[in-house]
Amino acid sequence: MSICQKECIMEMLTSKKSHPQDTVIHIGEKKDLSIGNGSLTIMAGPCAIESREQLLATAYAVKAAGAQVLRGGAFKPRTSPYTFSGLGEEGLSYLVEAGRAVGLPVISEIMDAADLMLFEDIDIIQVGAKNMQNFSLLTALGRNNKPVLLKRGAGNTIDELLYSAEYILKEGNPNVILCERGIRTFEPSSRFTFDINAIPLLKQKTHLPVIADPSHATGISSLVTPVGLAAIAAGCDGLLIEVHNDPASALCDSAQALSPNAFSQLVSGARDYEKIRCIHR
Ligand code: PEP
Ligand code: MN
């Protein structure tokens, strides 16, 4: 049998056929946060860690509003090389400190497998949209047991996202969370177009948890809550939201950052939608 024929009949590790029960990922030192168990997990924080003070202020605000995971980018994949690209290792140390201060597990993006050892105290490693098909990075993360949040590339199909997740599972790491963060379409009025179809489609095709990122999908702060709520109605396992203590001064993705107050309103709406969704299940 040729390799191609073998590939065609092989059941993907990401598929529901090979793993009928939904994967539930346990996060944090005490493993007391479960992602993918039917409840909604809310992750929030700034696009980029800009300083210790900015991160701590935002961390206390998102925790008070009900976030369950603190996000913050230390290695930023910027389109222009002349824009703020993050504090690197120093930023990760602020994130670990802020997570401990407010009692939340933390998530941050990795761009290079050579940085893996810097992520030891990070609870979830994010692979950004621009690295979805960085296969050597995916393979390295598969050889590590840390939970990975894998974002869909702006120009990638749902099946390509699943193949990328397969690279991680195939190496032995079952802890993969998928993330829909918008795709590029002909519509220029928003940064990207949130692919709402992707949520129920992924939930039907795979046992892996599916998170929605309406911040990058829209790029416009006033659209983040309505699109986030739509993703909950469509069945996502959680939200990833950019929040800044002072959105107007954000060094990265300022237009899509929610204020702590707007985030708090999003969380209360999200919890209402979660309850309604439970009734209709
Ligand atoms: C981010 O989460 O800050 C980010 C860079 O997102 P994406 O990879 O979806 O563009
Ligand atoms: Mn961002």
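All figures in this text were calculated on a predicted structure; none of them were measured in a lab.
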Review point. So which of Asn175, Leu137, Leu116 actually passes side-chain contact (heavy atoms from CB on, under 4.5 Å) with Ile125?
Key: Leu116

Revision key, fill the gap. The side-chain hydrogen bond (donor to acceptor under 3.5 Å, both in side chains) partners of Asn37 (sequence neighbours excluded) come to Ser39

Check your understanding: Minimum heavy-atom separation for Arg271 to Glu274, with atom names?
Key -> NH1-OE1, 2.8 Å

Review point. Given side chains that start at C-beta, do those of Phe75 and Leu92 come closer than 4.5 Å, heavy atoms only?
Key: yes

Review point. Between Ser18 and Glu11, is there a donor-acceptor pair closer than 3.5 Å when you use the side chain of the first and the backbone of the second?
Key: no

Check your understanding: Has Glu160 got more than 12 heavy atoms of other residues, nucleotides or ligands less than 6.0 Å from its CD?
Key -> yes

Exercise for review: Carefully, step by step, assess Arg184 and Thr193 under the rule side-chain contact (heavy atoms from CB on, under 4.5 Å).
Suggested key: CA-CA 6 Å; Arg184 181 150 282 162; Thr193 298; over 6 Å; no

Point to revise | Results of ring-ring contact (aromatic ring centres under 6.0 Å, His included) for Phe84 - residues two or more places apart only | key: none

Review point. Considering residues at least two apart in sequence or located in another chain, which fulfil the ring-ring contact (aromatic ring centres under 6.0 Å, His included) criterion with Phe192?
Key: none

Exercise for review: Assess whether side-chain contact (heavy atoms from CB on, under 4.5 Å) is satisfied between Leu161 and Asn156, documenting all intermediate values.
Suggested key: CA-CA 7 Å; Leu161 172 63; Asn156 288 109; 5.9 Å; no

Review point. Is atom CD of Glu187 surrounded by more than 12 heavy atoms (other residues, nucleotides or ligands) closer than 6.0 Å?
Key: yes

Exercise for review: Kindly determine whether His216 and Asp253 satisfy side-chain hydrogen bond (donor to acceptor under 3.5 Å, both in side chains), including the steps that lead there.
Suggested key: CA-CA 8 Å; His216 291 90; Asp253 288 352; 3.1 Å; yes

Check your understanding: Above 12 or not: heavy atoms from other molecules or residues under 6.0 Å from CZ of Phe119?
Key -> yes

Point to revise | hydrophobic_cluster_shared for Ile177 and Tyr167, side chain cutoff 4.5 Å | key: no

Point to revise | Set of residues satisfying side-chain hydrogen bond (donor to acceptor under 3.5 Å, both in side chains) with respect to Thr58, sequence neighbours excluded | key: Asn245

Review point. How long is the span from the CD atom in Glu89 to the CE atom in Met117, to the nearest 0.5 Å?
Key: 8.0 Å

Check your understanding: Taking the side chain as C-beta and beyond, is there a heavy-atom pair between Ile220 and Ser189 under 4.5 Å?
Key -> no

Exercise for review: Please report the closest heavy-atom contact between Ile110 and Leu141, naming both atoms and the distance.
Suggested key: CG2-CD1, 4.3 Å

Practice item. With rounding to the nearest 0.5 Å, note down the distance linking CG in Asp22 to CD1 in Ile25. Key: 11.0 Å

Check your understanding: Would you say the side chain of Ile168 lies within less than 4.5 Å of the side chain of Thr139, judging by non-hydrogen atoms?
Key -> no

Review point. Is the backbone N or O of Val96 less than 3.5 Å from a side-chain atom of Asp121, with the two atoms forming a donor-acceptor pair by type?
Key: no

Review point. Going through the distances and angles, do Asn131 and Met111 end up as a side-chain contact (heavy atoms from CB on, under 4.5 Å)?
Key: CA-CA 7 Å; Asn131 268 313; Met111 285 168 58; 4.1 Å; yes

Review point. Stepwise, does the side-chain hydrogen bond (donor to acceptor under 3.5 Å, both in side chains) test hold for Asn261 with Ser264?
Key: CA-CA 5 Å; Asn261 196 28; Ser264 178; 5.2 Å; no

Practice item. Determine the minimum heavy-atom distance between Met43 and Ile35, stating which atoms define it. Key: CE-CD1, 3.7 Å

Exercise for review: Check each of Arg181, Arg152, Lys151 against Asp213 using the side chain to side chain donor-acceptor pair (under 3.5 Å) test, and report the only one that passes.
Suggested key: Lys151

Review point. Once you round to the nearest 0.5 Å, how far does OG of Ser15 lie from CG of Leu169?
Key: 10.0 Å

Point to revise | N/O donor-acceptor pair under 3.5 Å between Lys76 side chain and Gly88 backbone | key: no

Revision key, fill the gap. So CD1 of Ile27 and CG of Leu149: to nearest 0.5 Å the spacing works out to 9.5 Å

Practice item. Check Leu150 against Met132 and note the closest heavy-atom contact, atom names and distance. Key: CD1-CG, 4.1 Å

Exercise for review: Can you measure from CD1 (Ile183) to OG1 (Thr157) and round to the nearest 0.5 angstrom?
Suggested key: 10.0 Å

Point to revise | Note, Gln54 side chain near Tyr94 side chain (heavy atom, < 4.5 Å) | key: no

Exercise for review: Answer with yes or no whether the hydrophobic clustering places Ile199 together with Ile276; edges join I, L, V, M, F, W, Y residues whose side-chain heavy atoms lie under 4.5 Å apart.
Suggested key: no

Practice item. Could you list all the side chain to side chain donor-acceptor pair (under 3.5 Å) pairs where at least one residue sits in residues 96-111, not counting sequence neighbours? Key: Arg52-Glu97

Exercise for review: Find out whether Gln256 and Cys47 are in side-chain contact, i.e. whether some heavy atom of one side chain is under 4.5 Å from a heavy atom of the other.
Suggested key: no

Revision key, fill the gap. Closest non-hydrogen atoms of Ser164 and Gln133, given as atom of the first, atom of the second and distance, are OG-CG, 3.9 Å

Point to revise | Working for side-chain hydrogen bond (donor to acceptor under 3.5 Å, both in side chains), residues Thr14 and Glu166 | key: CA-CA 6 Å; Thr14 53; Glu166 193 78 10; 3.3 Å; yes

Exercise for review: Could you tell me whether the side chain of Ile42 reaches within less than 4.5 Å of the side chain of Phe263, counting heavy atoms only?
Suggested key: yes

Check your understanding: Does any non-hydrogen side-chain atom of Leu178 lie less than 4.5 Å from one of Ile211?
Key -> no

Review point. Counting only N and O atoms by type, is there a donor-acceptor contact under 3.5 Å from the side chain of Ser215 to the main-chain atoms of Glu242?
Key: yes

Review point. Which atoms form the tightest heavy-atom contact between Leu229 and Tyr273, and what is the distance?
Key: O-CD2, 3.5 Å

**Study point:** Backbone N/O of Asp195 and side chain of Glu180: donor-acceptor pair under 3.5 Å
**Key:** yes

Point to revise | Asp123/Lys146 under salt bridge (charged side-chain N to carboxylate O under 4.0 Å, His left out): CA gap, chis, key distance, verdict | key: CA-CA 7 Å; Asp123 301 284; Lys146 240 186 224 294; 5.9 Å; no

Exercise for review: Following the transitive rule for hydrophobic clusters with a side-chain heavy-atom cut-off under 4.5 Å over Ile, Leu, Val, Met, Phe, Trp and Tyr, establish whether Val69 and Val267 coincide in one cluster.
Suggested key: no

Check your understanding: Can you find a pair of side-chain heavy atoms, one from Val106 and one from Ile124, that are under 4.5 Å apart?
Key -> no

Check your understanding: Taking a hydrophobic cluster as the set of Ile, Leu, Val, Met, Phe, Trp and Tyr residues connected by side-chain heavy atoms closer than 4.5 Å, whether directly or through intermediates, do Val148 and Val210 fall within one such cluster?
Key -> yes

Review point. Donor-acceptor pair, Arg71 side chain versus Pro46 backbone, under 3.5 Å?
Key: yes

Exercise for review: With sequence neighbours left out, write down each residue that passes side-chain hydrogen bond (donor to acceptor under 3.5 Å, both in side chains) with Gln126, or none if nothing qualifies.
Suggested key: none

Check your understanding: Do Leu202 and Val176 belong to the same hydrophobic cluster, where Ile, Leu, Val, Met, Phe, Trp and Tyr are linked whenever their side-chain heavy atoms lie under 4.5 Å apart, directly or via other members?
Key -> yes

Study note, to complete from the structure: So CG of Asp237 and CD1 of Ile232: to nearest 0.5 Å the spacing works out to 11.0 Å

